[in-house]
Amino acid sequence: MYNYLKLTSYGDSQMTMDLFSFHCSINPLSLVSVPEAFIRVQDISYEMEFKSISVFNSLNDSVPDHVKYITKSILSPNVDLNIDSKSLCGCDCTDNCEDKNKCSCWQLTNEGPKNFPGYFKDRDNIGYSFKRLYKQVFTGIYECNASCKCKKTCLNRVVQEPLKTSLQLFFTKKKGWGVRTLADIPKGSFVCTYLGVVRTEKDADADLLSNWGEYLADLNFIVTAEEYKDGYESSAEYVDPTSSSDDEELNLGLAIKSKGSKFKSRRPSRKNLQNTNTKIDGKHELSKLNIQQKVESKITFLQGYIEKEDDFYTLDSKVCGNIGRYFNHSCNPNIFLQNVFIDTHDLRLPWVGYFAKSNIPAGTELTWDYNYMVGSVKDKILMCHCGSKKCRGRLL
């Protein structure tokens, strides 16, 4: 199919491989029909997305709180990051970046896994395969950027492309607002991003008491990668890392704070940062919780060279965000997170993308695993209402 597209559509056509699927369970014509009477908002993105995102509520007359919809994260004034595309190195590919060995951007993606030979068993197939991602790359994916000479339809441009999935925000019985797909989604497909205002952690923590930490997500790519490396190296003598299950999910940078939690600055001794999220009184609330164990690390990584608290950043989607802020938790999720670098190669500012973990039928709610640790918060019990057969019963 890819060769056919090259021969028949080469030039100005925007037809790409991710628009096709040959799996028998995927119906390209599937589309969930919902009663117009229950559509509360025709398009929550206000035509900013390539596809409209309707708001459906058949349980009551409520609508989501107003949020300024954005299609790209916004840097707050005190965030000092260089996102000028002229500062990036780009590839010189003229073959749509088919040859991964010749594409400099592909090579950046391939460099990280070399430090984890036990975890990445098949390093020749890391990253995108015809614009689909079948397994997380916790060391990050580097997409082609504005400085590259390849076309906008190249095989290494995925998360930066417009929304192609038919999504709908709907009101659930027990979990508040959630997101479902109105069409079949093939495994490995890009769903959408998680966006917000990029703030320093110090700035975000200062507002914790006033806004209760709602909709804050840490961009802790460096922390995650290096803590995994620390654990991998320190336990290599006793644990075979190749025994990891293919279903193992890693915390890829969406660290969450919760109401009332106390924040500590990131330092090399910070360990076991857990993801969590809460639903209170039927309202969707994305917040973050830092759970720390005081573990002395014998190894100093890149994080040790970053001294200032302001050098780590947080995505705040409380007042500005996109559809990615509404995804609910499930103990058996059908989407996963991936850190992607596009407009900067600064490890402190990855894009966060959602990808389909399996083939997802039309009408299914899209969920990911918040990685709660039961019993991690003293005197707090939070029941899980995901409804899956693998439900752990409790989130906290």
Side-chain angles (χ1 to χ4, degrees), residues 1-6 9-10 13-21 82-162 164 186-191 193 221-222 224-226 228-229 246 250 252-253 302 336-357:
M1 174 56 73
Y2 179 71
N3 289 332
Y4 173 80
L5 290 176
K6 286 200 302 181
S9 304
Y10 198 78
S13 175
Q14 299 298 308
M15 191 74 72
T16 54
M17 271 298 295
D18 52 331
L19 299 176
F20 296 84
S21 177
N82 182 11
I83 57 173
D84 185 357
S85 60
K86 295 180 181 179
S87 65
L88 291 174
C89 295
C91 68
D92 298 321
C93 299
T94 58
D95 63 347
N96 255 8
C97 302
E98 293 179 27
D99 192 339
K100 297 182 179 181
N101 294 320
K102 294 181 179 179
C103 177
S104 59
C105 298
W106 277 112
Q107 289 306 304
L108 287 174
T109 299
N110 292 337
E111 282 299 314
K114 292 181 180 179
N115 297 317
F116 302 87
Y119 184 85
F120 293 96
K121 302 174 185 178
D122 186 8
R123 291 197 296 275
D124 293 331
N125 294 311
I126 290 172
Y128 301 136
S129 175
F130 292 105
K131 287 184 173 284
R132 294 214 168 100
L133 182 65
Y134 298 106
K135 187 173 181 180
Q136 291 173 319
V137 183
F138 73 88
T139 51
I141 289 179
Y142 293 79
E143 291 194 3
C144 291
N145 55 70
S147 298
C148 295
K149 295 182 179 179
C150 57
K151 295 186 177 182
K152 300 298 182 182
T153 56
C154 92
L155 296 176
N156 196 35
R157 297 178 188 264
V158 178
V159 172
Q160 61 190 274
E161 293 187 346
K164 298 179 181 178
K187 180 180 179 180
S189 296
F190 169 61
V191 178
T193 56
F221 175 81
I222 296 176
T224 302
E226 292 186 346
Y228 180 81
K229 184 175 182 179
D246 290 338
L250 294 174
L252 290 184
L302 177 61
F336 64 88
L337 296 175
Q338 176 62 53
N339 281 325
V340 181
F341 297 93
I342 301 173
D343 49 8
T344 178
H345 289 169
D346 192 317
L347 298 183
R348 297 168 297 172
L349 190 62
W351 287 34
V352 181
Y354 293 97
F355 287 83
K357 188 177 180 180

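Scope of the values below: all heavy atoms of this structure, side chains included, with no hydrogens, waters or symmetry mates.
- Note: Tyr142 and His345 have perpendicular aromatic rings, judged against thresholds of 30 and 60 degrees for the angle between ring planes.
- Of the N and O atoms on the side chains of Tyr2 and Glu98, at least one donor lies less than 3.5 Å from an acceptor on the other residue.
- Side-chain atoms of Glu143 never come within 3.5 Å of backbone atoms of Phe341 as a donor-acceptor pair (strictly under, hydrogens ignored).
- One finds the OG1 atom of Thr153 at 13.0 Å from the CE atom of Met17 (value rounded to the nearest 0.5 Å).
- Counting non-hydrogen atoms of other residues, nucleotides and ligands closer than 6.0 Å to NZ of Lys164 gives a total above 12.
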Derivation and outcome, side chain to side chain contact (heavy atoms under 4.5 Å, CB included), residues Val191 and Phe355
CA-CA 5 Å; Val191 178; Phe355 287 83; 5.7 Å; no
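- For the atom pair SG of Cys105 and CD1 of Ile141, the computed distance is 12.5 Å after rounding to the nearest 0.5 Å.
- Looking only at distances, a side-chain donor or acceptor of Ser147 sits under 3.5 Å from a matching main-chain atom of Leu88.
- Without hydrogens or angle criteria, Gln160 side chain to Cys144 main chain gives a donor-acceptor distance under 3.5 Å.
- Listed for the Lys131 side chain is a donor-acceptor partner under 3.5 Å among the backbone atoms of Arg157.
- Taking the charged nitrogens against the carboxylate oxygens, Asp18 and Arg132 have no contact shorter than 4.0 Å, which rules out a salt bridge.
- In terms of modelled atom types and a separation under 3.5 Å, the side chain of Gln136 and the main chain of Phe336 share no donor-acceptor contact.
- For Glu161 and Lys152, the salt-bridge test fails: no basic side-chain N is under 4.0 Å from an acidic carboxylate O.
- Side-chain polar atoms of Asp99 and Trp106 form no donor-acceptor pair below 3.5 angstrom.
- For the atom pair CG (Asp95) and SG (Cys150), the distance works out to 9.0 Å, reported to the nearest 0.5 Å.
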